[in-house]
Amino acid sequence: MEGSTTVAMEGAIREQVEDVVVRFAGDSGDGIQIAGGQFTLTTALAGNDLSTFPDFPAEIRAPQGTTFGVSAFQIHFGSREIRTAGDAPDVLVALNPAALKVNIADLSKGGLIIVDTGSFTERNFKKAGYNGNPIENGSVEGFRLITADITRNTLEAVQEFGLSQKEAVRCKNMYALGLVYWLYDRDRSPTTGWLNDKFGKRPEIANANIAAVNAGHAFGETIEASGETSSYQVMPATIEPGLYRTITGIEAISYGLVAGAQKADLRMTFAGYPITPASAILHSLSKLKQFDIITFQAEDEIAAVGAALGGSYAGTLGVTASSGPGIALKTETIGLAISVELPLIVINVQRAGPSTGMPTKTEQSDLHQAVFGRNADSPLVVISASTPADNFEVAIEAVRLTTKYMTPVMLLTDGYLANASEPWNIPDADKIPKFPVNFLNDTNEFSPTKRDPVTLARNWPIPGTPHLEHRIGGIEKSYDTGNISYDAANHQKMTDIRKNKIDGIANDIPEQKVTRGEDAGKIAVVGWGSTFGPITRAVQKIRLEGHKVSHIHIRHIWPLPKNLGSLLNGFKKVIVAEINTGQLITVLRSQYLIDAQGLNKISGQPFKVSEVEEAIRKSLEN
Amino acid sequence: MEGSTTVAMEGAIREQVEDVVVRFAGDSGDGIQIAGGQFTLTTALAGNDLSTFPDFPAEIRAPQGTTFGVSAFQIHFGSREIRTAGDAPDVLVALNPAALKVNIADLSKGGLIIVDTGSFTERNFKKAGYNGNPIENGSVEGFRLITADITRNTLEAVQEFGLSQKEAVRCKNMYALGLVYWLYDRDRSPTTGWLNDKFGKRPEIANANIAAVNAGHAFGETIEASGETSSYQVMPATIEPGLYRTITGIEAISYGLVAGAQKADLRMTFAGYPITPASAILHSLSKLKQFDIITFQAEDEIAAVGAALGGSYAGTLGVTASSGPGIALKTETIGLAISVELPLIVINVQRAGPSTGMPTKTEQSDLHQAVFGRNADSPLVVISASTPADNFEVAIEAVRLTTKYMTPVMLLTDGYLANASEPWNIPDADKIPKFPVNFLNDTNEFSPTKRDPVTLARNWPIPGTPHLEHRIGGIEKSYDTGNISYDAANHQKMTDIRKNKIDGIANDIPEQKVTRGEDAGKIAVVGWGSTFGPITRAVQKIRLEGHKVSHIHIRHIWPLPKNLGSLLNGFKKVIVAEINTGQLITVLRSQYLIDAQGLNKISGQPFKVSEVEEAIRKSLEN
Amino acid sequence: MNKITPPEKLTIKDYASDQEVRWCPGCGDYSIVRAMQKTLADLQSPPEKTVFISGIGCAARFPYYMATYGFHTIHGRAAAIATGTKLANPELDIWVISGDGDSLSIGGNHLMHVLRRNVDLQYILFNNEIYGLTKGQYSPTSKIGTRSPSTPMGSIDSPLSATLYALGCGAKFVARGIDTKPKHLPEVFKRAHAHKGASFVEIFQNCIVYNDGVYDSFTAKDVAAERQIEVEHNKPLIFGKEKEKGLRMNSDKIELEVVTIGENEATEKDILVHDETNKVLATLLAQMEGPNFPVAIGVLYCNPSNTYEDAVHAQIAAEKKAHPSTNINDLLRSGPTWTVD
Amino acid sequence: MNKITPPEKLTIKDYASDQEVRWCPGCGDYSIVRAMQKTLADLQSPPEKTVFISGIGCAARFPYYMATYGFHTIHGRAAAIATGTKLANPELDIWVISGDGDSLSIGGNHLMHVLRRNVDLQYILFNNEIYGLTKGQYSPTSKIGTRSPSTPMGSIDSPLSATLYALGCGAKFVARGIDTKPKHLPEVFKRAHAHKGASFVEIFQNCIVYNDGVYDSFTAKDVAAERQIEVEHNKPLIFGKEKEKGLRMNSDKIELEVVTIGENEATEKDILVHDETNKVLATLLAQMEGPNFPVAIGVLYCNPSNTYEDAVHAQIAAEKKAHPSTNINDLLRSGPTWTVD
Ligand SMILES: Cc1ncc(C[n+]2csc(CCOP(=O)(O)OP(=O)(O)O)c2C)c(N)n1
Ligand SMILES: Cc1ncc(C[n+]2csc(CCOP(=O)(O)OP(=O)(O)O)c2C)c(N)n1
Ligand code: SF4
Ligand code: SF4
Ligand SMILES: [Mg+2]
Ligand SMILES: [Mg+2]
């Protein structure tokens with residue numbers, strides 16, 4: 001909580017805070033993500049700005065009560081602009097000892113812990129690796145505490161609805177949610193509505209859950225009345241007017257692809273192979289078949305990218321998505337796509353590596369792979385998303401570039417962006433410009449390698465078109481006829497064309513803007529992808545102290561925006577902040593010979609605002 | 001021919017030349033490579049320095065007489081140091097019209113053409129795309145010509161041996177060889193010996209071929225006597241004393257692996273999947289099983305690298321080889337090798353791309369893939385060979401580094417280096433230092449991730465060792481125990497360790513030497529791999545003109561030699577010459593912020609000396 | 001656009017492209033390309049709807065020689081790419097062309113899945129029991145003992161039977177042909193084409209350069225009649241110069257045996273009648289090898305079932321019916337929203 | 001080095017590692033790991049020579065729980081990696097552990113080749129007809145109509161039969177087991193272990209979270225006797241609560257039929273006797289599916305042949321004999337040389 005004042009409210013006195021970070025945590029069977037989702041929705045409706053971060057366990061369903069089975073959901077909300085899910089939780093809801101164990105170290109100083117004492121049994125202490133009851137043995141010293149036997153209270157509250165014991169216990173998350181609703185004075189009706197909707201066919205479950213929410217809320221009022229704890233208020237933020245929804249990165253990317261395909265006037269062939277965290281795109285598009293989307297779960301990543309390319313060959317928009325190890329498998333086929341110059345979108349939802357690494361943790365370490373990771377001189381377009389909602393725009397941009405330039409486009413997003421959600425000012429899709437594809441059907445002097453003189457894109461004749469029968473393939477082809485050619489000069493020409501085509505795209509993308517701060521100055525903090533939130537907040541804070549520090553966030557990784565070199569040259573120092581050992585920095589240093597310094601973190605976690613702040617401060621001092 | 005004087009010889013007057021480039025060309029069934037090979041051996045025995053370049057057609061056996069079925073073999077030899085196969089042939093032997101058509105443009109001004117008029121038929125003109133007889137229609141204007149009905153002459157010469165027509169015609173290449181032997185006053189006995197050896201079981205074939213050699217030679221003497229043409233002499237070069245042989249890159253790399261494995265005291269598991277031009281390593285090692293080499297033709301490249309890694313896991317030296325598209329397929333498994341820290345040598349015999357590209361043509365365009373081409377932060381060692389024979393040393397270095405540092409090593413060579421041959425001063429293998437591997441068998445405080453404090457290499461416990469049973473895998477593992485770990489700080493630590501281990505190898509490789517020239521000066525021409533020959537010759541020539549230009553050739557691409565940055569900083573200008581659109585240059589610019597300029601060529605052909613010279617001259621002027 | 005009036009009837013020549021053929025002289029691939037051109041002419045396949053998709057290898061050069069659409073892709077992946085193409089446009093008539101290395105070494109998995117899924121295309125495997133394009137290494141179908149550059153002491157792994165593999169993968173149409181049978185081969189192609197679903201055809205193809213004569217034991221003119229059996233649905237399984245031999249089921253041993261009609265009490269009634277819908281019979285036929293058995297060619301198995309692309313598009317159609325709006329604004333506004341003003 | 005005296009006899013516990021098991025409570029994998037630990041104890045397998053190599057998936061976590069050597073590799077590639085390990089050290093006793101996705105989706109090709117080559121190892125496929133680890137997408141063995149996150153309208157492609165696939169790949173040992181049969185499973189494992197060559201074992205495994213009860217139709221206690229048939233070499237193929245049913249060959253249709261002994265003139269003599277060396281019989285047994293047929297478990301096929309690693313090392317031994325020098329200097333000096341002085 002960064003700023004807090006106390007205001008008199010109707011009935012009670014609520015402390016007013018500018019922003020708060022709440023983390024719900026419990027066993028993976030405890031419904032933590034659902035509670036988090038509901039709290040997010042309610043908070044958005046209350047007019048706060050917010051950002052969320054779900055943190056799933058790596059295991060499907062680890063044995064109950066173990067530390068590796070803990071699931072968590074963090075939300076940061078406030079009356080000011082919120083850009084990250086928050087460095088450290090102010091409130092931790094711990095539904096079992098393991099959840100406490102795993103999360104307590106992150107809690108902010110003097111933070112509030114809500115525990116379900118009903119789960120604080122000897123067995124669970126042992127499973128969590130506690131020696132005795134942590135509430136009693138000093139483990140929670142320095143924190144404020146609300147203890148409630150949430151399990152028992154929930155069972156009591158739902159008793160009348162005649163659920164099974166298992167079903168009844170499952171309402172625990174709603175009790176905890178009700179309690180946090182009380183803590184921040186939230187309206188319970190959106191959740192009530194959602195529950196009635198969701199369990200329409202089993203009203204007893206809906207009612208039980210509603211009763212649990214209410215019981216949790218009532219519990220809060222009771223302890224408040226007893227003076228034990230007080231509740232807070234977070235005023236609405238000043239938010240641009242519009243129609244809003246919360247959107248996860250996965251939703252945004254899926255909707256962006258659908259919108260992009262429509263703008264291009266193309267059907268879509270999406271082929272994927274399940275892999276965490278990219279599978280969700282396949283799942284989400286599988287439910288949108290009415291938009292003329294073929295979704296295909298292939299036998300592996302090679303088949304997936306192959307089928308996507310085959311789909312492009314036939315005249316649909318071929319798209320595939322995976323994560324690092326899967327992308328590695330796709331590179332040979334991406335090379336073919338470069339050689340035959342067909343559209344292809346390859347989405348990489350990056351995760352921590354190398355190899356299997358930590359599939360559920362985030363990282364930005366596939367930029368080298370995207371830009372350089374193929375055999376031969378095989379340039380393609382690389383773009384990246386920087387917030388969950390940004391995936392929407394970036395996906396549309398990917399469709400635009402892949403179809404206009406007949407080139408594969410690699411879209412980099414990551415596990416954090418994919419799962420996190422943010423409120424989104426829903427754009428008017430009708431206002432997004434169209435870029436319809438025109439398949440060739442002019443048989444005049446036909447050659448499959450004929451190019452647009454400006455974009456250098458080859459034309460796109462598709463099978464099924466009479467009189468344009470032709471052959472394409474991965475062997476080097478004649479610039480003129482498209483037939484196989486081993487001619488030395490021709491190979492030079494084709495290599496140059498492939499390079500120039502991609503380089504030329506720099507003329508067709510927006511110039512690099514400065515996200516925050518001046519166009520020149522002391523320090524530019526450069527980022528890309530999901531570091532957007534922490535960097536922009538850190539720069540904001542440092543700027544409030546009066547320093548000329550700017551934030552530059554790059555969407556187009558390859559080719560880079562035309563003005564980027566001169567822009568960066570306007571700063572005394574350039575810091576490149578990345579969740580990797582230094583990858584964008586390689587590109588920037590080699591392109592612009594700028595002595596940029598890296599700020600790097602590779603722990604499977606996003607940057608904290610304080611980490612970026614500290615790095616900037618250090619740099620200011622030197 | 002760069003310098004030429006005329007000297008009186010016994011009987012005849014032979015013009016003495018410093019160096020000559022001869023290209024044999026004909027249909028792929030004409031035995032061109034054999035003639036070239038024999039000429040090479042004889043030339044080496046005559047004491048010339050030399051370099052060769054075979055150029056195979058892409059097709060297995062293209063229809064006779066077509067331009068795409070032309071096979072060629074070029075040899076450059078001289079009385080001075082020879083570093084390249086020569087920019088332009090002085091002599092072209094064209095066994096059919098197609099061979100003339102394909103090669104004539106490369107011929108040096110006023111060069112000599114030897115044609116087999118027996119193949120100059122209307123049908124063959126048409127197949128070659130000639131409109132009429134090129135000898136008569138001005139196509140060979142400006143060149144000198146020796147015409148001989150080689151086909152008929154050969155048939156006559158071998159008549160007495162009773163061969164079939166097909167077998168008899170096959171002796172044509174020997175006739176042509178005999179003629180060129182005459183031209184350069186070569187001893188025929190090595191070829192005679194070789195023929196007797198090779199056709200030991202069919203002496204009539206040996207004798208017919210010998211007769212053809214002699215007939216060709218006699219034909220030369222006849223036309224010389226008639227004054228039509230004169231022959232030449234190339235004096236022996238000053239060559240370091242020693243025992244010599246000619247060696248191709250493939251042989252060198254195979255022998256290097258065998259020697260390296262012996263020095264490491266390891267058996268070898270070589271697993272490959274055929275691909276041009278890398279298959280030859282599999283072929284060559286398949287014949288060396290007595291050295292305790294398991295060769296395995298896998299079902300694909302993924303299986304090949306997998307089996308190699310499985311071989312390393314079991315305690316042998318795992319090696320795999322492929323070319324660009326195949327390497328692309330291997331990258332996921334290379335990531336696993338990085339994660340589990342096992343030895344693994346991955347050889348990339350680079351070829352022209354992207355995709356299938358031009359499999360029989362050379363290129364250096366997989367450096368980006370080698371250094372950067374994997375998902376996640378996954379550093380490994382990259383080294384490269386610069387001449388055919390150099391592959392030997394580099395292969396040994398690969399074995400040393402992979403075993404000492406428990407890391408995959410990528411060895412870059414290319415199609416040119418693999419197929420080309422050069423005379424080799426055979427080293428004494430006994431003098432090569434040993435670096436025996438010690439498998440762990442100490443059970444004391446055992447952990448599979450325990451490291452050597454200096455090299456940071458983990459120890460190598462192999463299955464079969466009692467009491468060291470343990471599990472490894474691609475999931476992130478605890479620094480301390482090696483067990484699966486999703487801990488944030490641990491991932492940071494492991495990522496750092498992986499990086500530091502590879503970075504630290506810079507302390508264990510030779511400092512960068514300057515190949516030719518001073519340690520500082522006006523221009524450094526930097527190269528790597530097979531550009532060695534043309535660069536060094538070009539620099540030599542420019543230096544003879546008095547310019548302070550140096551040649552720096554890099555073997556260790558990653559990590560780079562410790563002193564390289566400061567070395568390069570000593571030059572006003574740095575030119576990086578590569579057969580790609582600029583890949584080493586990316587690394588050098590990003591590492592050292594040096595404004596290096598690229599000299600690039602991507603035509604599937606090596607640099608010509610003149611091209612490098614010209615670039616240096618241009619740079620000197622500016 | 002130029003107005004081109006298509007000729008009344010397309011001839012074999014109309015299906016041949018203008019590209020110079022680059023196989024070795026004498027290669028079995030020549031007769032296969034001719035058989036294919038004949039097939040298309042017989043079928044009057046519209047060139048613009050016909051697509052040849054291949055991997056890499058000598059065989060995979062095939063598309064260049066056809067005056068249709070063609071995609072020469074990468075090694076082993078043609079089936080996967082073709083699947084995408086067929087899903088994207090089910091109207092296209094797709095032929096996948098592949099070699100034994102392309103299909104059964106690197107591409108074995110994609111072959112399996114395209115057959116299992118029953119994507120409606122024709123998969124033609126040119127089996128020359130060798131890697132031609134890479135200069136003669138042994139392949140997964142090479143006989144044990146094959147000496148090749150990578151197996152100088154002879155290969156040691158048992159060959160895979162392409163046909164048995166296809167059956168094991170759940171193929172619904174499995175047939176065999178021989179490069180040198182210019183009349184039989186187009187008929188096999190036509191059956192494959194007529195079958196809706198994935199049709200698998202193995203062609204025994206001679207590689208004159210690296211594996212010459214590998215099928216001589218049953219393709220050589222003088223032995224063919226004794227060593228081949230052309231199977232036909234509902235016809236007795238007989239062969240031999242005089243059609244005097246036949247296949248009989250030994251039900252105790254559950255295996256086939258060769259009998260000569262009239263000898264050892266074998267009558268015509270004993271001879272099995274080919275039932276191309278019986279998978280076990282197809283397996284038995286596919287297993288037959290010389291010298292004791294004839295090699296079976298023709299349609300060993302044909303048992304149609306629903307195709308993958310039909311089901312895919314049926315789901316799309318159903319969803320379109322269930323959710324008629326394709327307005328992006330509707331999509332973006334689905335779920336809870338709120339207004340800030 | 002510490003001197004550790006091995007206990008007289010290793011117990012089941014000695015084969016369990018100290019790692020916390022991370023499968024979902026109730027997962028079928030638990031009983032399989034127990035069955036394996038029992039098997040190793042029964043065999044007294046030396047832990048230091050025993051290696052578990054797995055791909056990725058829930059099943060592939062298996063090696064962590066065994067107190068032997070273990071390599072958790074990458075998705076689909078365990079067979080290839082294990083092949084290298086076995087070639088490098090034939091003394092090792094290798095078990096490959098894999099799921100239906102790992103083996104039959106991404107890894108189908110490597111599975112085929114390891115079986116075809118007959119590398120001496122045990123390949124254990126945990127078939128739960130679903131992708132467990134990635135949260136429940138349908139797999140190549142999922143039944144048509146399977147609703148999963150990637151097939152919300154139900155899957156449409158025909159499932160592959162793992163066992164038929166293995167037979168089509170030329171496997172020499174093919175067996176089946178069920179996770180919930182703690183006595184039968186170790187016996188199957190032991191047979192697989194005893195077989196020299198690649199042994200393929202499919203285990204029907206219940207994924208309680210994403211595909212619960214998928215095998216209930218033949219594994220549920222009340223129906224098991226009627227819906228399963230435990231096959232044993234040389235024993236009649238009978239099943240049923242009272243062992244009253246059996247399998248009979250219908251040689252006209254070349255198919256199996258279920259008969260009840262004593263009914264419709266069926267006698268014990270009609271009942272087929274299992275011959276595990278007959279591949280066609282194995283195919284017939286593997287094809288059987290409910291509700292009309294029982295599901296066959298046990299060793300369907302076992303027909304040993306030379307192993308790959310034996311042949312590899314025999315060639316090496318032969319070459320060592322033929323060329324005894326392993327002096328590098330000799331190697332470098334082979335072929336023409338000349339001296340410059
Ligand atoms: C990824 C990849 N690996 C390897 C190769 C090399 N390669 C080309 S064709 C081929 C095998 C050809 O054999 P087959 O499929 O039987 O076709 P054939 O030439 O015999 O017709 C191989 C290994 C390649 N082009 N790409
Ligand atoms: C190259 C690659 N692709 C995809 C994945 C994601 N992935 C992990 S396990 C798995 C499938 C698991 O299914 P199965 O093999 O049936 O094992 P189960 O979890 O059911 O035991 C997938 C797709 C991966 N780890 N690596
Ligand atoms: S190598 Fe063999 S398969 Fe290839 S073209 Fe030549 S003869 Fe045909
Ligand atoms: S997801 Fe299924 S297979 Fe995986 S551990 Fe859980 S129950 Fe077992
Ligand atoms: Mg072949
Ligand atoms: Mg599974």
Side-chain angles (χ1 to χ4, degrees), chain B residues 41 44-45 47 190 239-245 255 258-259 262 267 269 271 288-294 296 298-300 302-303 306-311 313-316 318 332-333 336 426-430 441-444 463-475 483-484, chain D residues 1-2 4 6 17 19 46-54 56 63-64 66-74 77 79-89 91-92 109-110 112-113 312-313 315-316 318-320 322-329 331-333 335-341:
Chain B
L41 183 63
L45 290 173
I239 292 178
E240 206 173 324
L243 182 68
Y244 279 77
R245 60 170 290 167
Y255 297 169
V258 173
Q262 212 172 74
R267 292 181 298 126
T269 302
L288 299 173
K289 295 196 167 68
Q290 67 271 26
F291 289 92
D292 250 327
I293 300 174
I294 294 154
F296 173 54
E299 58 270 31
D300 63 18
I302 301 176
L309 184 61
Y313 174 58
T316 65
E332 192 205 0
T333 307
L336 176 63
I426 309 173
D428 181 355
D430 295 339
N441 51 29
D442 180 358
T443 60
N444 209 5
T465 320
H467 312 308
L468 296 189
E469 293 82 2
H470 67 279
R471 275 65 53 193
I472 58 173
I475 299 186
N483 292 333
I484 290 182
Chain D
M1 193 181 147
N2 279 355
I4 301 173
S17 80
Q19 298 296 297
E48 74 274 15
K49 292 207 171 159
T50 306
V51 186
F52 284 87
I53 300 183
S54 65
I56 298 283
Y64 290 113
M66 300 297 300
T68 63
Y69 282 90
F71 195 174
H72 181 221
T73 70
I74 48 177
R77 319 300 173 187
I81 292 169
T83 297
T85 303
K86 184 70 182 181
L87 289 180
N89 185 357
E91 297 285 291
L92 299 175
N109 200 35
H110 308 300
M112 180 256 273
H113 284 278
V312 165
H313 286 279
Q315 289 196 339
I316 292 175
E319 282 294 86
K320 282 184 171 174
H323 311 278
S325 163
T326 54
N327 184 313
I328 302 292
N329 274 331
L331 174 67
L332 302 185
R333 282 154 188 81
T337 59
W338 67 94
T339 305
V340 173
D341 30 32

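In what follows, chains are A, B, ... by sequence order, proteins preceding strands, each numbered from 1.
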Side chain / backbone / both / neither for D:S325 at chain B, heavy atoms under 4.5 Å: backbone

Bottom line for B:L41: the part with an atom under 4.5 Å from chain D's heavy atoms is side chain

Heavy-atom cut-off 4.5 Å, strictly under: side chain, backbone, both or neither for D:M112 against chain B? neither

In terms of ring plane angle, is the pair D:W338 and B:Y244 parallel, tilted or perpendicular, where the classes change at 30° and 60°? parallel

Pick from D:L332, D:T73, D:T339, D:I316 with the largest number of heavy-atom pairs that fall under 4.5 Å of chain B: D:L332

When you compare the side chain of B:T465 with that of D:E48, does any pair of heavy atoms fall below 4.5 Å? no

Relative to chain B, which of D:T83, D:L92, D:D341 shows the most heavy atom pairs under 4.5 Å? D:L92

Is chain B contacted by the side chain of D:Q19, its backbone, both, or neither, given a heavy-atom distance below 4.5 Å? side chain

Applying ring-ring contact (aromatic ring centres under 6.0 Å, His included), can you list everything that pairs with D:H113, at least two apart in sequence or on another chain? none

For chain B, which candidate among D:N89, D:T50, D:T85 shows the most heavy-atom pairs at distances under 4.5 Å? D:T85

Proximity breakdown for D:I74 and chain B, heavy-atom pairs closer than 4.5 Å: both

Apply the test side chain to side chain contact (heavy atoms under 4.5 Å, CB included) to residues B:L336 and D:I81: give CA-CA distance (whole Å), side-chain angles for both, the deciding distance (0.1 Å), then the verdict. CA-CA 11 Å; B:L336 176 63; D:I81 292 169; 4.0 Å; yes

Do B:N483 and D:Y64 touch side chain to side chain, with heavy atoms closer than 4.5 Å? no

In chain order, what residues pass the salt bridge (Lys or Arg N to Asp or Glu O under 4.0 Å) check against B:R245, with sequence neighbours excluded? B:E251

